[in-house]
Amino acid sequence: MTTYITTPIYYVNSTPHIGHAYTTIIADTYSRFRRLCGDDVRFQTGTDEHGEKIVQAAEKEGIGPREYADRISAAFRDTWPLLDIAPDHFIRTTNPEHIKVVQDILQKVYDQGDIYFSSYSGHYCKGCERFLTEKELVDGKCPDHLTVPDEVSEQNYFFRMSKYQDWLINHIKDNPDYITPERYRNEVLSFLSEPLEDLCISRPCSRLTWGIPLPFDKNFVTYVWFDALINYLTGIGYPDGADFTKYWSVAEHIVAKDILKPHAIYWPTMIQAAGLPPYKKLHVHGYWNVDETKMSKSIGNVIRPGDLVEEYGADTVRYFLLREMSFGRDASFSKEAIFERRNSDLANDIGNLFSRALTMLAKYADAKVPQMDEASITEEDRALIAAIEKMLAEYTACMNGFEFHRALQSVWEVIGMLNRFIVTNAPWELAKEAANAGRLRTVLYFLAESLRILALVLRPVMPTAAAKMAAALGMEEALAKAVLPEAGRWGGMQSGTALHVGEALFPRLEKKAAAPAAPEKPKPQVKAEKKAEPATQDEDGLISFDYFGKVELRVAEIVAAEKIVKAEKLLKLTVNAPEERTLVAGIAKHYSPEELIGRKVIIVANLKPAKLMGIASQGMVLAAKEKDADGNERLVLSAVAANIAVGSRVA
RNA sequence: GGCGAUGUAGCUCAGUUGGUUAGAGCAUACGGCUCAUAUCCGUAGUGUCCGGGGUUCAAGUCCCUGCAUCGCCA
């Protein structure tokens, strides 16, 4: 069998983040898995490099678009090896071969009458690089960029996408696996239930030159999708390369949900218009949030794959991403979560299993795989073999269905079973009595053989760790060539194989090492501010005395208080501390202004002033708040136990 | 506004075509072991399966309705 798997080509307007890494890790894992099943696999990724945004970004840096694209494209290409990702081909839309293929296809589709020239006018947003519909505008502005779009009227070329709408609907309905998971298939069908508009596929050279010229009109360049999507054909040598005939009919694309429409609607109709058979499958995944919030440059919480690898290693990052996300749904990344997975799943479960099993094989079997004593095989042993067979079946089914989290879950069930197997059989006890030697050899053989199968199934997910496991089992070469399902059959481990007890597969990480993966560098001014401040708290949540000393607490007397109109919670207080200050306090629900006059309270005197409801608050009153069983809040102001001069420091 | 998805233990999620006392991992508490990376094993749990109604001998699962969150479309 053959497999052709692709990631989208990544737009070079930003450098690789965890989302790019996820898509590409999926593709790499799947390609390694299909190879493990004996397939001839082609795995392609690359970069998308044309368009106005690239020109602008390049201008900002004072370089040409080509140079800019070269730089960012290299950033992508150089990131993948760090994650043990090994594509067979890295395509760039600026490659001459690609440009030629795009032009060939455009010409073909044009010649058959599926591309026509028409005028178009509308609201063009530079930020979006597209026309916005009347309804998308909010107060006449682009809702994303908050700018008034330009009124542009121009003539352009359009692809007759509508012509293929019915064909596409039928194709999706006839092939339930064409778009998966199902939720995205539904989304596409729902979108297709309305008439499709034709697709604008050009930009006049007067406005954009960084693109592929239309072969039938040199005054225009190709716009986005007719350029980018075709990479999937170029990369395998369309139209007459041997790889093209071999791989095209089995093409599987992986995309994140934001580019569902181009891949599920534009692309199939384009392929159809070009007279080619449709791709086989589209796999759509969700987004990675960071600490429950959306990842974005402006928030500054972008996670960089390179930083993660440095901190945890490629295997842990790959395992975490595959295990934590239910394919198709959104998931949340956090340093706590990856730290937890690393220590419990990798260090404690499988790492420790390997370590204890190999140590026992070394101690009680002279570091060689022992000969089993067939007579001593028990019911439990047979149950273990059955469980491994079941795991292999589930693992294979889930990997094929892109349910990586479930595939791993089933592997970890076996890992748990093996840890229990060791305890119930207690080889260290067996070793004490010579009479148990046969049983001991059997138990140890079972362990070695089970580890072999684990090394086998984990190879696609964690290539480096799996290779280390294989090496420890003295089967590096054999496992590198192994093919499922044959290699998964029980008994593949030869007695007498020499074992090599090496270092720990996944050393436990200590709390200190769980420091956050360096987030996106904050903007310069923010950075300067951050630098000036010392670390505010340690991992244990405690602050130092020095740090506490910076907080200036003082006794202050309330001399005046009034309600702030329009704010139901706020009171404006005037206090002597001893200088007169204005404070805004959120205590209106619990105290009336009158009862406050004359009270002595504790305030934070060196809090940065802030404006609340238009009033500058120069400090903050300390108060305690509690909630009773009914959810009612009670708030009590701080006070000093005896009379003391206003302005006294509290420490 | 239309369509769709999701809502299950403190957290992250499994729960096949409706069928015994609703599960797993993590976290928590207690106990055990010593081969092992302070690891592993065992025990203990807690649930208005989002609310309300309905179908059925039987509903986490099917139907209706409401709420919340999210996505797509307008």
Side-chain angles (χ1 to χ4, degrees), chain A residues 132-138 143 179 181-197 256-262 264-265 284-287 289 291-294 320 323-334 336-365 367 394 397-398 403 405-432 440 443-444 447-448 451 465 472 501-511 513:
Chain A
L132 303 178
T133 63
E134 201 72 50
K135 284 172 184 162
E136 280 177 295
L137 301 180
V138 178
I179 300 167
E182 200 178 357
R183 54 198 315 175
Y184 297 109
R185 179 174 180 265
N186 292 343
E187 208 171 294
V188 171
L189 283 173
S190 129
F191 185 79
L192 284 171
S193 65
E194 301 286 323
L196 270 186
E197 280 181 34
K257 61 184 183 181
D258 58 333
I259 47 174
L260 172 63
K261 218 196 290 180
I265 296 174
V284 189
H285 69 76
Y287 278 156
N289 293 321
D291 295 329
E292 311 292 318
T293 53
K294 214 171 169 165
F320 173 79
R323 177 65 185 80
E324 196 77 3
M325 181 179 263
S326 266
F327 189 86
R329 307 179 59 164
D330 290 356
S332 200
F333 176 90
S334 72
E336 290 83 8
I338 189 169
F339 181 81
E340 195 54 51
R341 286 278 178 209
R342 157 64 179 229
N343 273 356
S344 25
D345 294 5
L346 298 180
N348 296 353
D349 290 351
I350 193 174
N352 184 52
L353 170 64
F354 243 78
S355 165
R356 65 197 302 210
L358 282 168
T359 306
M360 285 189 282
L361 278 154
K363 253 189 189 169
Y364 307 134
E394 277 176 12
C398 291
E403 294 181 294
H405 64 297
R406 293 183 64 184
L408 288 168
Q409 213 172 337
S410 69
V411 174
W412 255 256
E413 270 169 37
V414 166
I415 291 169
M417 196 172 274
L418 287 168
N419 272 322
R420 285 189 286 278
F421 180 84
I422 292 177
V423 171
T424 48
N425 287 290
W428 54 93
E429 290 296 334
L430 294 173
K432 288 177 186 165
L440 177 61
V443 169
L444 293 177
L447 286 178
L451 297 189
V501 185
E503 51 195 30
L505 279 178
F506 299 102
R508 248 187 99 80
L509 296 179
E510 295 311 317
K511 254 275 146 68

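Lettering follows sequence order; numbering is per chain, from 1.
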Close side-chain approach of [X] and [Y], heavy atoms under 4.5 Å:
X: A:I422; Y: A:M360; value: yes
X: A:L196; Y: A:F191; value: yes
X: A:L346; Y: A:L505; value: no

Can you see which heavy atom on [X] is nearest to which on [Y], and at what distance?
X: A:N348; Y: A:N352; value: O-CB, 3.0 Å
X: A:V443; Y: A:P427; value: CG1-CG, 4.0 Å
X: A:L440; Y: A:L430; value: CA-CD1, 3.9 Å

Interatomic distance at P, B:A74 relative to B:G18, whole Å:
37 Å
Could you work out the separation of B:G71 and B:U8 based on their C1' atoms and round it to a whole Å?
22 Å
For [N], take OP1 and OP2 only and decide whether either is under 4.0 Å from a side-chain N or O of [X].
X: A:R185; N: B:C72; value: no
X: A:S334; N: B:C11; value: no
X: A:K257; N: B:C70; value: no

According to the Watson-Crick and G-U wobble definitions, with both distances under 3.5 Å, which nucleotide is paired to [N]?
N: B:U6; result: B:A68
N: B:G45; result: none
N: B:A59; result: none
N: B:A22; result: none
N: B:C35; result: none

Report the distance from atom [atom1] of [X] to atom [atom2] of [N], rounded to the nearest whole Å.
X: A:E413; N: B:G23; atom1: CD; atom2: C1'; result: 11 Å
X: A:L430; N: B:U34; atom1: CG; atom2: C1'; result: 15 Å
X: A:F320; N: B:U12; atom1: CZ; atom2: P; result: 13 Å
X: A:L189; N: B:G4; atom1: CG; atom2: C1'; result: 11 Å
X: A:W412; N: B:C26; atom1: CH2; atom2: P; result: 13 Å
X: A:I179; N: B:C72; atom1: CD1; atom2: P; result: 16 Å
X: A:Y184; N: B:C73; atom1: OH; atom2: P; result: 13 Å

The side chain of [X] is closest to which nucleotide in this list: [options]?
X: A:W428; options: B:U34, B:U6, B:C73; result: B:U34
X: A:E340; options: B:C26, B:U37, B:G71; result: B:C26
X: A:R329; options: B:U6, B:U37, B:C35; result: B:U6

Report the residue (A:N186 or A:G351) whose heavy-atom-nearest nucleotide on RNA chain B is the more 5′ of the two.
A:N186
Which residue lies more 5' along RNA chain B, comparing A:R183 with A:R323 via nearest heavy atoms
A:R183
NA contact type, [X], heavy-atom cut-off 4.0 Å: base, sugar-phosphate, or nothing?
X: A:T424; answer: nothing
X: A:R406; answer: sugar-phosphate
X: A:L260; answer: nothing
X: A:Y364; answer: sugar-phosphate
X: A:S355; answer: base
X: A:P427; answer: nothing

For residues 414-431 of chain A, the salt bridge (Lys or Arg N to Asp or Glu O under 4.0 Å) pairs (sequence neighbours left out) are A:E429-A:K432
Is there any salt bridge (Lys or Arg N to Asp or Glu O under 4.0 Å) pair reaching into residues 340-361 of chain A, and which pairs are they, with sequence neighbours excluded?
A:E324-A:R341, A:R341-A:D345
So, the side chain of A:N419 versus the backbone of A:L353: is there a donor-acceptor pair under 3.5 Å, distance only?
no
Protein heavy-atom contacts under 4.0 Å, written 5' to 3' over nucleotides 38-45 of chain B as B (base), S (sugar-phosphate only) or - (none), form the string -SSSS---
